[in-house]
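In what follows, a single structure is set out as structure tokens and then discussed.
Each residue takes its place number in the sequence, starting with 1. Note that this is a predicted model, so its numbers are computed, not measured.
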Amino acid sequence: MPLPPLPGRPRLGRAPLLPLLLLLLLVGPARPISFQLPGKARKCLREEIHRDTLVTGEYEITAEGRKEGRKEGWKGKGLCFLPSLSFFQITDSAGHILYAKEDATKGKFAFTTEDYDMFEACFESKLPVGTGRMPDQLVTLDMKHGVEAKNYEEIAKVEKLKPLEVELRRLEDLSESIVNDFAYMKKREEEMRDTNESTNTRVLYFSIFSMCCLIGLATWQVFYLRRFFKAKKLIE
């Protein structure tokens, strides 16, 4: 026969574990983005990021072309790597350059946002001199921000945390990030509601003003036509 729970102490069940399980299911490793960049082309990726957020990332640009012909010690058709001239740049909505790299092939970047803004990462392919046609380049971008950008392995080494403590720290940061997102959404909702109310008030006043103008114009038109018809002796 099971013992009854002690008074004053809540009995643990499955309900408190559900939020943690949902967080663990929602949190997963971010997958990098890959796409083809044609020669003499420019492609940009945009993302909105909150203020005071750490942003880290890695990128890699590879080009592979086919070549035909015969050279010394080489016959037939095969694969060869062609020189690529690619430009990578990250800017905000105001045009401030946060990261830029000429002849980019592979590298890492990191910065901290100062305000909530739309950030743009652009890849541009330039045609080398003396090249007839440049093959498509494969661009791979792995960009992380917020909780994903933190290196919890380094934090564990510095603070000497156990694996369970590291996981709890990660869940704590994630929950804080979710709370901040909801707070920002609530703030935006309030701003949109205030904007809608202000717009409705202005539309109401404009409608009343338009009706007054139409009524005044109709009244003036009636009196004007009446005087005109009297002057023509069409009415008494």
Side-chain angles (χ1 to χ4, degrees), residues 26-69 71-74 76-159 163 166-167 169-170 173-174 177:
L26 291 175
V27 177
R31 297 181 179 180
I33 301 175
S34 300
F35 57 89
Q36 296 289 337
L37 182 64
K40 285 188 175 182
R42 177 185 174 92
K43 288 189 177 181
C44 297
L45 303 175
R46 297 181 180 89
E47 186 173 2
E48 294 181 354
I49 304 177
H50 294 281
R51 63 178 302 176
D52 298 330
T53 302
L54 175 64
V55 181
T56 62
E58 300 180 11
Y59 63 92
E60 184 176 3
I61 305 174
T62 57
E64 190 178 63
R66 288 193 172 272
K67 191 174 184 180
E68 296 183 3
K71 291 186 178 180
E72 296 180 1
W74 182 76
K77 182 188 297 185
L79 296 177
C80 66
F81 290 96
L82 298 179
S84 61
L85 295 177
S86 301
F87 178 67
F88 176 51
Q89 180 177 271
I90 300 177
T91 58
D92 57 10
S93 60
H96 300 148
I97 299 176
L98 304 176
Y99 179 85
K101 179 68 174 178
E102 291 280 356
D103 300 339
T105 56
K106 186 177 182 180
K108 300 180 180 181
F109 59 88
F111 61 90
T112 302
T113 60
E114 297 181 355
D115 198 359
Y116 180 84
D117 203 348
M118 175 73 72
F119 296 89
E120 185 179 62
C122 294
F123 294 87
E124 184 177 358
S125 175
K126 299 178 181 179
L127 194 65
V129 179
T131 304
R133 181 181 180 277
M134 186 176 180
D136 294 348
Q137 299 180 89
L138 178 62
V139 179
T140 304
L141 176 63
D142 187 7
M143 191 171 179
K144 302 177 182 179
H145 57 83
V147 179
E148 297 178 351
K150 291 185 178 180
N151 191 345
Y152 287 95
E153 295 180 358
E154 294 295 332
I155 296 177
K157 292 179 181 179
V158 172
E159 300 183 9
V166 174
E167 189 66 23
R169 173 70 67 84
R170 188 170 68 90
D173 294 341
L174 177 62
S177 175

Where is the tightest heavy-atom contact between [X] and [Y], given as atom of each residue plus distance?
X	Y	result
S125	P38	CB-O, 3.4 Å
A104	I61	O-CD1, 3.6 Å
Q89	I97	OE1-CD1, 3.6 Å
S34	L138	CB-CD1, 4.4 Å
R42	E124	NH1-OE1, 3.3 Å

What do the steps show when you test K150 against R170 for side-chain contact (heavy atoms from CB on, under 4.5 Å), and what is the final call?
CA-CA 9 Å; K150 291 185 178 180; R170 188 170 68 90; over 6 Å; no
Sequence-distant partners of H50, side-chain contact (heavy atoms from CB on, under 4.5 Å), two or more places apart
T53, Y116, D181, Y184
So do the side chains of [X] and [Y] get within less than 4.5 Å of each other, counting heavy atoms only?
X	Y	answer
T105	E60	no
I155	V166	no
F119	V55	no
F88	Y59	yes
E167	Y152	no

Is Q36 atom CD crowded by more than 12 heavy atoms from other residues, nucleotides or ligands, each under 6.0 Å away?
yes
For K43, look at atom NZ and say whether over 12 heavy atoms of other residues, nucleotides or ligands are found less than 6.0 Å away.
yes
Roughly how far apart are [X] [atom1] and [Y] [atom2], rounded to 0.5 Å?
X	Y	atom1	atom2	result
I49	D117	CD1	CG	9.0 Å
R46	T91	CZ	OG1	9.0 Å
K108	E58	NZ	CD	4.5 Å
D142	T140	CG	OG1	9.5 Å
K101	F109	NZ	CZ	13.5 Å
K144	T56	NZ	OG1	6.5 Å

Check this for me: does any side-chain nitrogen of one of R169 and E159 sit under 4.0 Å from a carboxylate oxygen of the other?
yes
Can you see whether S86 engages Q137 through a side-chain donor-acceptor pair at a distance of less than 3.5 angstrom?
yes
Would you please test F123 and L141 for side-chain contact (heavy atoms from CB on, under 4.5 Å) and show each step?
CA-CA 10 Å; F123 294 87; L141 176 63; 4.2 Å; yes
